[in-house]
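Sequence lines set the chain letters: A, B, ... in the order given, protein chains first and strands last, and positions in each chain run from 1.
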2 protein chains.
Amino acid sequence: MKKTTIYDIAKELNITAATVSRALNNNPRISEDTKKLVQETAQRLNYKQNRVAQALKSGKSNNVGVVVPYINRNFFSNIIRGIEEELNPKGYHVIISQTHEKANKEIDIVQNLLNAQVDGILISISRQTSSDEHFVQVLEKNVPLIFFDRKKEIKGGSSVTLDDFDGAYQATKHLIEQGCQKIAHMTIDLSLLIYQNRLAGYKKALTDHGMTFKPEYVIGLQSEIVAGKDAAQKLMELPEPPDAIFSSTDLGALGAIQYLKEIGLKIPDDFCVVGFSNEPFTQFMELPITSVDQAPLTMGKTAAKVFLEQMDSEGVKIEKNVVLNPTLEIRKSSLKKGK
Amino acid sequence: MKKTTIYDIAKELNITAATVSRALNNNPRISEDTKKLVQETAQRLNYKQNRVAQALKSGKSNNVGVVVPYINRNFFSNIIRGIEEELNPKGYHVIISQTHEKANKEIDIVQNLLNAQVDGILISISRQTSSDEHFVQVLEKNVPLIFFDRKKEIKGGSSVTLDDFDGAYQATKHLIEQGCQKIAHMTIDLSLLIYQNRLAGYKKALTDHGMTFKPEYVIGLQSEIVAGKDAAQKLMELPEPPDAIFSSTDLGALGAIQYLKEIGLKIPDDFCVVGFSNEPFTQFMELPITSVDQAPLTMGKTAAKVFLEQMDSEGVKIEKNVVLNPTLEIRKSSLKKGK
DNA sequence: TTGTAGGCGTTATCAT
DNA sequence: ATGATAACGCCTACAA
């Protein structure tokens, strides 16, 4: 079945394609009669606008590219949900791609998206990413570029991020208020800004409350349960073991909890643990885990809104940096009785 | 900065755009010299193919539409990951949309995707969906239509589904083998085929092992923890309460476990519970939950492969229905000692 | 081996 | 209020 075009409608009505186009686009200087006629015929012939042709003509594809490390991570899939829900009603389609945390892949993807004439790119950079060139190219083509969560400082780019510093600060302060004296910190890849900021927030909370920062209380790991267990073990074997852990990941926190229970510690009485991300499982546990919520849905919606603003302000270049506030979800793993 | 086109390259080299196009597409009847020249100039001028123009010309957009109820459900985001990983290397972009389980939204989305000239649609239908028309339209336009997980029987459509019957059968059989005598079943929306099949598999396993099916042991609920608790309570208040539950969802299973623990039952000694979906949290629990794994990644990859096959077999209409086998992940919640 | 010309479907700019 | 025409960028018969 051939697709029907405006020419088919035109032929049917003995008018010209231009008129049909105008009628369909509600051009004011078309008689109501023809408009009606055209619309009816369009319906009858089952006409559908060809968005590709429109895109070629207008230079606008109505597609935006969204780039993340992995789609199936809870955090990212929530962000994407937010983006889709904000952009779909405005007529945009969301194209998703995964970098697998590889810089090369990211560069390829960005190139491909540009070739596909996307109207904007929303991205959370890969762990490996160090160069800027592909982002510069995006901006040179006047394609809006919005970073979310993991950003790259670049002139002309916008961003929506979480106040990781504050999240870590809240978490640490909460532990202090629970009476914890020796608070350790588990972190991940410190090459990423977000983890640096969490570390910084942790430090600041300590010193703000008259506690000294001890380097040996900071331990790096992969985001896995076993790694969390191992790290906890190392911490507990220190001459002066900690009495609380603020982990930059929930899986790390979970692993730590498992190890601490194994060696007979009572949580939260003997030891408090706080995670980061507020993964779904943290609230399902028998011992629910306190965690910093990153508001991914809001982050996605906000990133989409920033994109829309840029599209609206034709010509005027906007550079907007939104910082969202995290919320500490306090649960059993850090809530001492009587507090 | 204006985009460079093949005309710019042509002008630069005093040749014609057609030659440039051929050179870039590696047309055999172009001299190696010009090819090289063209490629160098393309590089130098930072030329990028315009995929929209190509799409208009060829009728192929190199975009596929993927439609799911919600992107952030673990099951769906894993499927999407599989699809993207399979299709990206082949040069396709993946457009995602969410139906929010609404039939209207689904119809709109499908229309929009068709307007956008997608080369294929991969979809898991909404709970509400009853009509077929939008799918018929897809097939009439010769656009490959592949259902995954939740399908609609329709001539010309392909599908990749899970053998839900078998998953339920395995789960129930496992409970029987553990010595459970009175096995209840928690289900969700029986208007969806998948839940019907799970119920059927449950029944068959019972009768195959000489146990009688009791309607009062089947209880419907929403997929929430509280609903699981309530349902478990109702079951336990029966004159003859069950000694095991096979739940069609993991959250239902979790809720049930929480209630059972509250009333002092020991799991798995007094009571066994099996869930469905193998959500990440099931393995993180202090009492890890046995669950049926749905192999979402494989499902996504398979759906993508089916789509690719259809694209390869130009003209020939293929209708393919793949059924994947679930795996029972046996964990503590159903594993009696000594078994 | 390369050039010419037309068309994919739409819209914007002239005319009429 | 409508028609004619060109253009978006690319590709491909057909010619040369």
Side-chain angles (χ1 to χ4, degrees), chain A residues 1-39 41-42 45-63 91 114-119 141-142 314, chain B residues 1-39 41-42 45-63 91 112 114-119 141-142:
Chain A
M1 201 161 112
K2 287 263 330 173
K3 290 155 195 159
T4 68
T5 73
I6 48 174
Y7 280 93
D8 300 321
I9 300 179
K11 212 179 294 170
E12 196 75 6
L13 296 173
N14 271 321
I15 53 177
T16 189
T19 312
V20 175
S21 169
R22 284 186 275 244
L24 290 171
N25 290 312
N26 244 309
N27 188 308
R29 33 194 212 165
I30 283 283
S31 76
E32 283 304 319
D33 293 352
T34 21
K35 261 187 205 172
K36 233 176 244 171
L37 225 54
V38 166
Q39 268 147 12
T41 329
L45 299 186
N46 193 27
Y47 167 78
K48 299 281 144 67
Q49 290 202 305
N50 184 330
R51 300 218 316 182
V52 171
Q54 283 178 320
L56 178 59
K57 178 68 186 163
S58 66
K60 281 203 45 186
S61 67
N62 284 305
N63 290 151
L114 286 180
N115 297 355
Q117 313 290 117
V118 292
D119 296 339
K141 301 217 176 192
N142 282 319
E314 207 85 39
Chain B
M1 202 164 110
K2 285 255 343 165
K3 290 156 193 157
T4 69
T5 73
I6 49 174
Y7 282 92
D8 300 321
I9 300 179
K11 212 178 294 171
E12 195 78 5
L13 296 173
N14 271 320
I15 54 178
T16 186
T19 311
V20 175
S21 169
R22 283 188 273 247
L24 290 172
N25 291 312
N26 246 307
N27 188 309
R29 32 193 215 169
I30 283 283
S31 76
E32 284 303 319
D33 293 353
T34 23
K35 261 187 205 172
K36 234 175 244 168
L37 226 57
V38 167
Q39 269 148 11
T41 330
L45 300 184
N46 193 26
Y47 167 79
K48 297 280 141 70
Q49 289 202 306
N50 184 329
R51 301 217 320 181
V52 171
Q54 286 185 132
L56 179 57
K57 175 68 187 168
S58 67
K60 281 203 46 186
S61 66
N62 283 306
N63 289 151
N112 277 327
L114 285 180
N115 297 356
Q117 312 291 117
V118 291
D119 296 338
K141 299 216 177 194
N142 282 318

In this structure, CG of A:Asn46 is separated from NZ of A:Lys3 (nearest 0.5 Å) by 12.5 Å
Which listed nucleotide (C:dT10, D:dG9, D:dT12) is nearest to the side chain of B:Ser21?
-> D:dT12
How long is the line joining CG of B:Asn115 and P of C:dG9, in whole Å?
-> 14 Å
Go through C:dC8, D:dC11, C:dT4 for me and flag the one nearest to the B:Ala18 side chain.
-> C:dT4
Is the shortest side-chain N/O distance from B:Asn25 to OP1 or OP2 of D:dC11 below 4.0 Å?
-> yes
Starting from P on C:dG3, measure out to CG on B:Asn27 and report it in whole angstrom.
-> 13 Å
Send over the distance from A:Lys35 NZ to D:dA1 P, rounded to a whole Å.
-> 9 Å
Find which nucleotide of DNA chain D each of A:Ile30 and A:Leu56 is nearest to by heavy atoms, and output the residue with the more 5' nucleotide.
-> A:Ile30
Among C:dC14, D:dG9, C:dT11, the one nearest A:Ile6 by side-chain distance | C:dT11
Integer-rounded Å distance: C:dG7 C1' and B:Gln54 CD | 16 Å
Please report, rounded to the nearest Å, how far the P atom of D:dG9 is from the CG atom of B:Leu24.
-> 15 Å
Output the single nucleotide from D:dT2, C:dT11, C:dT4 whose closest atom is nearest the side chain of B:Thr16.
-> C:dT4
In whole Å, what is the span from the NZ atom of A:Lys141 to the P atom of D:dG9?
-> 11 Å
A:Ser31 side chain, from C-beta outward: closest of D:dA1, D:dC10, C:dA12 = D:dA1
Would you say the base of D:dG9 and the side-chain of B:Arg51 have a donor-acceptor pair closer than 3.5 Å?
-> no
Under the side chain to side chain contact (heavy atoms under 4.5 Å, CB included) rule, what do A:Asn63 and A:Gln117 come out as? Steps first, then yes or no, please.
-> CA-CA 8 Å; A:Asn63 290 151; A:Gln117 313 290 117; over 6 Å; no
If only side-chain N and O atoms of B:Thr34 are considered, is one of them under 4.0 Å from the OP1 or OP2 phosphate oxygen of C:dT1?
-> no
Please state whether the phosphate of C:dG3, meaning OP1 or OP2, lies under 4.0 angstrom from any side-chain nitrogen or oxygen of B:Thr19.
-> yes
Rounded to the Å, how far apart are B:Ile15 CD1 and D:dA16 P?
-> 21 Å
Which residue lies toward the 5' end of DNA chain C, B:Asn14 or A:Asn50, if each is placed at its nearest nucleotide?
-> B:Asn14
In whole angstrom, what separates A:Tyr7's OH from C:dC8's P?
-> 8 Å
Are any non-hydrogen side-chain atoms of B:Leu13 and B:Val38 less than 4.5 angstrom apart?
-> yes
Give a yes or no on whether a donor-acceptor pair under 3.5 Å exists between the nucleobase atoms of C:dA12, that is its base, and the side chain of A:Lys57.
-> no
Any side-chain donor paired with an acceptor under 3.5 Å for B:Ser31 and B:Thr34?
-> yes
Establish, from distance only, whether the side-chain atoms of B:Asn26 and B:Lys35 form a donor-acceptor pair under 3.5 Å.
-> yes
